[in-house]
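Encoded as C-alpha cells, the structure appears first; notes follow it.
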Amino acid sequence: MTENPSPVYPRRGTADERRIPASPRFPRIEDEVLGYWAEDGTFQASIESRPAGESEYVFYDGPPFANGLPHYGHLLTGYVKDLVARYQTQRGRRVERRFGWDTHGLPAELEAMKQLGMTDKAEIEAMGIDKFNDACRASVLKYTREWEEYVTRQARWVDFENDYKTLNVEYMESVIWAFKQLHEKGLTYQGFRVLPYCWKDETPLSNHELRMDDDVYKDRQDPSVTVAFPITGGGADARVGRELAGVNLLAWTTTPWTLPTNFSVAVGPEIEYVVVEAPKDGPLPGKHLLAADLLGAYAKDLGFAAAEDAEAAVVARYRGTELAGLEYQPLWGYYADVSRWGTQNAFRVLVEDYVTTTDGTGLVHQASAYGEEDQRSSEEAGIPVILSVDEGARFLPMFAEPLGDGTAPLADIAGKQVFEANRDIINRLKADGRLVREQSYVHSYPHCWRCRTPLIYKAVTSWYVAVTQFKDRMLEINEQINWIPGNVKHGQFGKWLEGARDWSISRNRYWGSPIPVWVSDDPAYPRTEVYGSLEELKEAFGDYPRNADGEPDLHRPWIDRLTRPNPDDPTGRSTMRRVEDVLDVWFDSGSMQFAQVHYPFENKDWFDSHHPADFIVEYIGQTRGWFYTMHILATALFDRPAFTNVISHGIVLGSDGQKMSKSLRNYPDVTEVLDRDGSDAMRWFLMASPILRGGNLVVTEEGIREGVRQVLLPMWNAWHFFALYANTARGGQGYQAKPVRGQDVDNPLDRYILAATGDLVREATAALDAYDVSSACEALRAYSETLTNWYIRRSRQRFYDEDTAAYDVLYTALETFTRVAAPLLPLISEEIWRGLTGGRSVHLADWPEPDDYLKDERAVELMELTRTIASAGSALRKQAGRRVRLPLRRMTAVVPGAEALRGTYQQIIADELNLKEVELLEAAGVDPAGWGIGQRLAVNARAAGPRLGKQVQQAIKGAKTGDWSVQDGVVTAGGIELQEGEYALETVAEAAQEGMELTVLPGGGFLALDTTVTPELEAEGLARDTVRAIQSVRKALDLDVSDRIEVEIAGAPEALAAAEAHAGLVKTETLALTLRPAESLLGDDVQGAEVGEGLGISLRVVRA
RNA sequence: GGGCGUAUAGCUCAGGCGGUUAGAGCGUCACACUGAUAAUGUGAAGGUCCCAGGUUCAAGUCCUGGUACGCCCA
C-alpha cells in the first residue's frame, strides 16, 4: 500500500479536502456541510428542482411560540418535520416549508408585563394599550434570531424568509374572516363561562395561570356546611314527589357564600339515597334524605347515638335517578320573582354524573354562576346564570333591600366581600333552622399568582364556537385522518371529540386578534354587527383601522377606535362599539391552515387544491390544542380535515425519568451535545426512539452516544475503508468504482449484500411511507451492522487483493445506504455521498428504486444460515473451552439443503471458526440419534386443553418429567394419548460422544464439533497466539500498517518450537522479515506475552 | 374532586383470542476475537409480571377492589 498524493476519493468533500479522517469529528464535518449548503443554495434547489402543482407535498409548521428559547420538544418535532420533508423531496415531491410564528396570547402578555414590572390590568390600561402591545410585539420577536440559529444548527431546512406571523395584518384578516364565517353559519354565540377570578385585581384568570407557580395552590381552611332543603313536591315521577314531600334534602358545600344563589341540588344517578327519620327529641326532628353511604357520618348531627341507630331509622330508599325534578323550598326569597329573574326552572333536584359520595352528603348545592359544573348543568336545565356579587366580590346592595314580605334576611352581607360574608350566612342558616352541620375544611385552594389573593370561581361573559352542533361531523371527518400512532384516532383524540364541549374563544385581554363584533352601547336599541375583512370595515367606518404609523392594523387599540352611530337608534345617540375581547390564541393557531396564505383574500385556487395538509406533527397533548382547533375550523369552514397524516409523539423526559427541569439540570445541555456529538447523532437518538410511537423518552448522554456507535461510526468507517483501498489500488493510481445492479455478480457475499441493500430500500420505503420512523431507523441500523460486521469483515482479503468487483459492490452499497439514510442523517450522509459520487447533494438525488437491486432470496437465506452456523459454532467452542486461535480438526453441520453451502459458505464457516474442515451432511440422510441428538415432547396446551380439560395438566407433567412415549405414531404423555397437533417433537442435544460437542440449530439441524486437540493443532494455535502477541507489540510501537519488522523471540520451548514450525505463517501475518529464536531477551524494548495455556514468551520487535 | 392512561429484569420497553421454561435493547460480569472500526462475537447473572381477592383444567393476560405514578380537566 502506498500513499497516493492525489487520491480518487473523496471525489467532492466539504470537510478537510482530500483526506478522510479515520476518527472523524462529526460536529466539525457537520459545520462544514452546513456552510456548503448555505453557499450552494441546496435547500432552495431541492424545492425548485421538483415540479409545482399536483405533486406538491403540503406540510404545516407547528405552532412554536417564540418568546422563549427552543427546548428539546421543539428539537424533536423539528427533526420529524425535516426528515419527512427531505424524504418526500427525494421521492420527487415539492415540499414548501414555511416557518410559522405564534405571536399572540397571554404568555406574550405575561412576559411583557414581567419586563415592564407590572402586576395587573389596571397598570396596562394606565400605560395605554398601544404601548403595552408594542412591548408584547417586541417580546415575542425577541428570540427569533436564536430560533433561526438553533433550527439551522439542527440541519432543519425551513424557509425563514417566506415565513408567517400571526401578528401580520394579512394573517389577522383571515382570522376575522373565519370568525365571520362561523357567525354566519350560526356557530358562534355569547354566553357565560366560569373562570378563576381574582377579586383584588378584578380580572378573570385563564386556567393556565393557575399553574404559573408552584405555590399558587396552598392549603386553606374554609367552613363547609350542610344545609336542609325541604321538598315541596314535583318530581319526574309524581309518586316520588308525593312520598317525599316534607322530607329535607341535606346538601353540602364548601362555599357558603354561594348559598344565596342556590338554584339547584345535584344528585348522582347511581348513588343510593335513604330517607331517615330523626329522633323527635334530637336537634333536627323530621325526615331527611342523603346518600346511604354517608348516613353514618351524619348520625350524630341528626341526633342518633350511633351509626347503627341511624341505619335502623331508615324508612325508604331511592336511586339518584328517581329523585330527578323534585322541587324544594329555597333558602331565602331573593330570587323568587320568576318574571324578574327567570328562575321558573330553579329550586329543583338535577341528576349529575359528577356527584360522588367521597365527601358531604351525596347531594351537592349548585349555584349557576360559581362553578363550572354548576353552570353547565344549570344551562341544560334552563336555569339562568345570576351573579350576586360585584367586580370586587362584594355582595350587591339588593341584599339589603326588603323582600315582598318586608324582611331582608341577609341584609348584613350587602357590600361585604364573599369570604367575610360566610359567617353572616351561616348564622342566618342557624337561625332559620336550616343548618345541619358546620365544619371547617382544609383543602388545597388556588391563589392569584400575582397578588396571592385566594381566588373565587365566577361566571364571566364569553364568546363560544358551538362545537357541539357539528361534533358528529368532526367525528366522521376524523375517520379520514391517518394517526400515528394509530390508537390516538379513536383513543385520545376520538374520545376527546366525543366529549367535545363548546369552545370558549374570547379573552378579556389586549394582545391578540380582535373579536370582530360591534354592538350598540345602549341596550334599548340593540344591534350587533360582524365584520370579516378590512374592506368591510372600511366600508362601514370610512377607513381601515390604522396604527400610529398609519398602517392598516387590526390590533387593539386601533380597531377599538372604529365606532359609528347605531343605525337602529332613531335618537342617534347610541354608538356601535367593538366588544373588548380578543380571540383565544388557539383560534389563531387553528387558523394557520388558511391564514398563512391570506386565504380567501389571496391564493384561493392554490388553497382549494392544497388543503388539507399531507402531514403535521406535534406532541400528544395537542389533541386538545392545535390538532383540535385545526380540526374544528377545518370541519366548520370547509367540511374536510385539516391534515391527512399526523404524528403525535410522546414527551421528552430528563435523564432521571422526570419532567425536564432547568433547575434540576436533569438533561444534557443541547448546545453541548450538538458541539460534542453533532446534530445527526441527536437526530438519530430522537428518531430511533419509541417517542414517535407515542412512548416517552428519557434523554441521556449515553443514549445519544449509542446512536453514534450504532450507525454513524460504522457508516463512516465503511466509507473510510472503501476510500483507503480504492485510493491505493493499482499501485497507488487508485480505482474509481462504478455502481452495479448485480445480476451478473456471482460471489455469494456480493450477492448477499446487494440483495440486502434492495431489502433495505424496500423496508425503509415502506416504513417511511407509513410515517413509521423508528422502523426505518431499525432497518438502517441492522443493515449497517451487516455491511460492516459481515460483508466488509469477510471481504477484507478481496480488498487487499484489489478485487475491483468487491470495490464496485461496496460502492453501490454505500451509495445506496447514504441515500436511504439522508433524511435521518442528513449531514454525514451528505458528506459521504458527495465524497463517493462527486455529486452536488444527496438531498437532490432521487430515493433509490428497490427493483434496481439484485433480488436473490436464496443468497440471503444461505448467508443467514451461514451466520447462524458460525454463531452456534462459536458457542460450541466456548462450551468446549477451545479458544478460537486454536485450530480444530473438524465440525460437522447437519442441515437441510446442506449441499447448497458447499464452497464459499463452507469456507466462510471454516475461516470464522478456525477449522481445518467443515463437513456438510444432508439432514434427511442422517439419523440424529446416532449423533446423540434426542427428542423432547412439548404439549400444545392451547390445542389439547379444550379437549382434555383437567387431564391436560397431567400430560404436561408427563412431557416435562420424561414420562412419555411414541408407539406406532401414537404419542402418549403422562398416560394420556395426544392427538395430532396437540404436541410437538423437538430435537435436543443429549449425549455427545467423547471429544465432541453438540448443539441444535434454531432453524433445524445440528452441529457436531470435534474438540480433539493434536500436538500439530496445539502448535499451530501457539503460533497464532504468537502472531497476536507480535501484532500487539506492533500496535504498541505505533508502527504503520505496512512497516516491515524484525522479531526476536524467547521463552517456553513449546512456544518457540511452534513458532519455528509455523515461521512462514508468523512472518507473513506480521510482515516480519526475520524471526529469530533467542536464549533469553532482556532490555527495555522487550515485551512479555502469554500464549497457549499460560506459556510465557518475550519478544523484541524492531522496524526493519 | 372527575376523566383517561401506565405499572413486567438495574434502565427503556415488547408480550394476538388466557396455554404452563415471560422476551428484546441498553447496562453489569466472564471469556473470546481484533491492524478500516470508537468495534465485534459467545455466554452468564438478573423477575413477588404493583398488591389482595375472584373466574378457569390453565392468569403477566380476563373480572372486582385497592395502591402508586403520569397526562388532561376542575
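A note on names: the letters A, B, ... follow the listed sequences, proteins ahead of strands, and every chain is numbered from 1. For clarity, every value in this text was computed on a predicted model and none was experimentally measured.
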Between A:Ile753 and A:Trp790, is a side-chain contact (heavy atoms from CB on, under 4.5 Å) present by the stated rule, with each step listed? CA-CA 9 Å; A:Ile753 198 65; A:Trp790 192 256; over 6 Å; no

For A:Glu982 and B:rC57, what is the distance between atoms CD and P respectively, to the nearest whole Å? 17 Å

From A:Ile909 CD1 over to A:Ile869 CD1, what is the distance, rounded to the nearest 0.5 angstrom? 4.0 Å

Whole-Å distance, A:Arg705 CZ to B:rC11 C1', equals 19 Å

Residue list, salt bridge (Lys or Arg N to Asp or Glu O under 4.0 Å) with A:Arg1034, at least two apart or on another chain: none

Rounding to an integer number of Å, can you tell me how far A:Trp719 CH2 sits from B:rA38 P? 19 Å

Short N/O separations, protein against nucleotides 34-37 of chain B, under 3.5 angstrom:
| from | atom 1 | to | atom 2 | distance (Å) |
| --- | --- | --- | --- | --- |
| B:rU34 | OP2 | A:Arg885 | NH1 | 2.5 |
| B:rG35 | OP2 | A:Arg1028 | NH2 | 3.2 |
| B:rG35 | N7 | A:Gln1031 | OE1 | 3.4 |
| B:rG35 | O6 | A:Arg1034 | O | 3.2 |
| B:rG35 | O6 | A:Arg1034 | NE | 3.2 |
| B:rG35 | O6 | A:Lys1035 | N | 2.9 |
| B:rG35 | N1 | A:Leu1039 | O | 3.0 |
| B:rG35 | N2 | A:Leu1039 | O | 2.9 |
| B:rG35 | N2 | A:Val1041 | N | 3.3 |
| B:rA36 | OP1 | A:Arg796 | NH1 | 3.0 |
| B:rA36 | OP2 | A:Tyr800 | OH | 3.0 |
| B:rA36 | O2' | A:His720 | ND1 | 3.2 |
| B:rA36 | N6 | A:Thr788 | O | 3.1 |
| B:rA36 | N3 | A:Asn717 | O | 3.3 |
| B:rU37 | O2' | A:Asn717 | ND2 | 3.1 |

On a whole-Å scale, what distance lies between the P atoms belonging to B:rG46 and B:rA22? 13 Å

A:Gln622 CD - B:rC71 P separation (whole Å): 15 Å

Round to a whole Å and report the spacing from CD of A:Gln951 to C1' of B:rU56. 17 Å

Which whole number of Å gives the distance between the P atom of B:rU28 and that of B:rG65? 44 Å

Would you compute the distance between atom CG of A:Leu712 and atom CH2 of A:Trp684 and round it to the nearest 0.5 angstrom? 8.0 Å

Among all residues two or more places apart in sequence or in another chain, which pass the salt bridge (Lys or Arg N to Asp or Glu O under 4.0 Å) test with A:Arg877? none

Any idea how A:Trp719 and A:Trp716 line up, ring-wise: parallel (<30°), tilted (30 to 60°), or perpendicular (>60°)? perpendicular

Whole-angstrom distance between B:rU61 and B:rG16, as gauged at atom P: 12 Å

Determine: side-chain N/O of A:Ser871 to OP1/OP2 of B:rU42, distance under 4.0 Å, yes or no. yes

With pairs defined as Watson-Crick or G-U wobble and both distances under 3.5 angstrom, please note down RNA chain B as a dot-bracket string, | for pairing with another strand. (((((((..((((.....[...)))).(((((.......))))).....(((((..]....)))))))))))).

Answer with base, sugar-phosphate or nothing: what part of the nucleic acid does A:Glu785 contact at a heavy-atom distance below 4.0 Å? sugar-phosphate

Report each atom pair, protein N/O against N/O of nucleotides 16-19 of chain B, whose distance is under 3.5 angstrom.
| from | atom 1 | to | atom 2 | distance (Å) |
| --- | --- | --- | --- | --- |
| B:rG19 | OP2 | A:Arg942 | NH2 | 2.6 |

Can you say whether the rings of A:Tyr791 and A:Phe799 are parallel (under 30°), tilted (30 to 60°) or perpendicular (over 60°)? perpendicular

Tell me the salt bridge (Lys or Arg N to Asp or Glu O under 4.0 Å) pairs involving residues 941-954 of chain A, sequence neighbours left out? A:Arg947-A:Glu982

Taking B:rG27 as the reference, what is the distance to B:rC11 when you measure between their C1' atoms (whole Å, please)? 7 Å

Residue set satisfying ring pair (Phe, Tyr, Trp, His ring centres under 6.0 Å) with A:Tyr619, at least two apart, ordered chain then number -> none

B:rA59 to B:rU20 separation - C1' atoms, rounded to the nearest Å: 10 Å

In chain order, what residues pass the ring pair (Phe, Tyr, Trp, His ring centres under 6.0 Å) check against A:Phe685, with sequence neighbours excluded? none

Classified by glycosidic angle (syn within 90° of 0, else anti), B:rG46 comes out anti

Give the rounded distance in Å between these two atoms: CG of A:Asp911 and P of B:rC33. 15 Å

For A:Arg793, all residues meeting salt bridge (Lys or Arg N to Asp or Glu O under 4.0 Å), sequence neighbours excluded: A:Glu912

Can you tell me, in whole Å, how much space there is between the P of B:rC4 and that of B:rC63? 14 Å

Closest nucleotide of RNA chain B for A:Asp1025 versus for A:Ala870: which of these residues is on the 5' side? A:Asp1025

d(CZ, A:Phe493; C1', B:rG3) in whole Å: 17 Å

With the criterion being N/O to N/O and under 3.5 Å, what pairs connect the protein with nucleotides 23-30 of chain B, and how long is each?
none

Of all residues at least two apart in sequence or in a different chain, which pass the ring pair (Phe, Tyr, Trp, His ring centres under 6.0 Å) check with A:Tyr811? none

Is there a donor-acceptor pair under 3.5 Å between the side chain of A:Asp677 and the backbone N or O of A:Arg705? no

When rounded to whole Å, the CD to P distance for the pair A:Glu997 and B:rA32 reads 17 Å

Atom P, compared across B:rA58 and B:rG19: separation rounded to whole Å: 14 Å

Checking A:Glu864 now: which residues fulfil salt bridge (Lys or Arg N to Asp or Glu O under 4.0 Å) with it, not counting sequence neighbours? none

Classify A:Arg936 by what it touches in the nucleic acid, base, sugar-phosphate, or nothing, heavy-atom distance under 4.0 Å. base

Taking atom C1' in both B:rC51 and B:rC69, what distance in whole Å separates the two? 15 Å

Test your reading of the model: is there a side-chain donor-acceptor pair from A:Glu986 to the backbone of A:Ala938, 3.5 Å cut-off? no

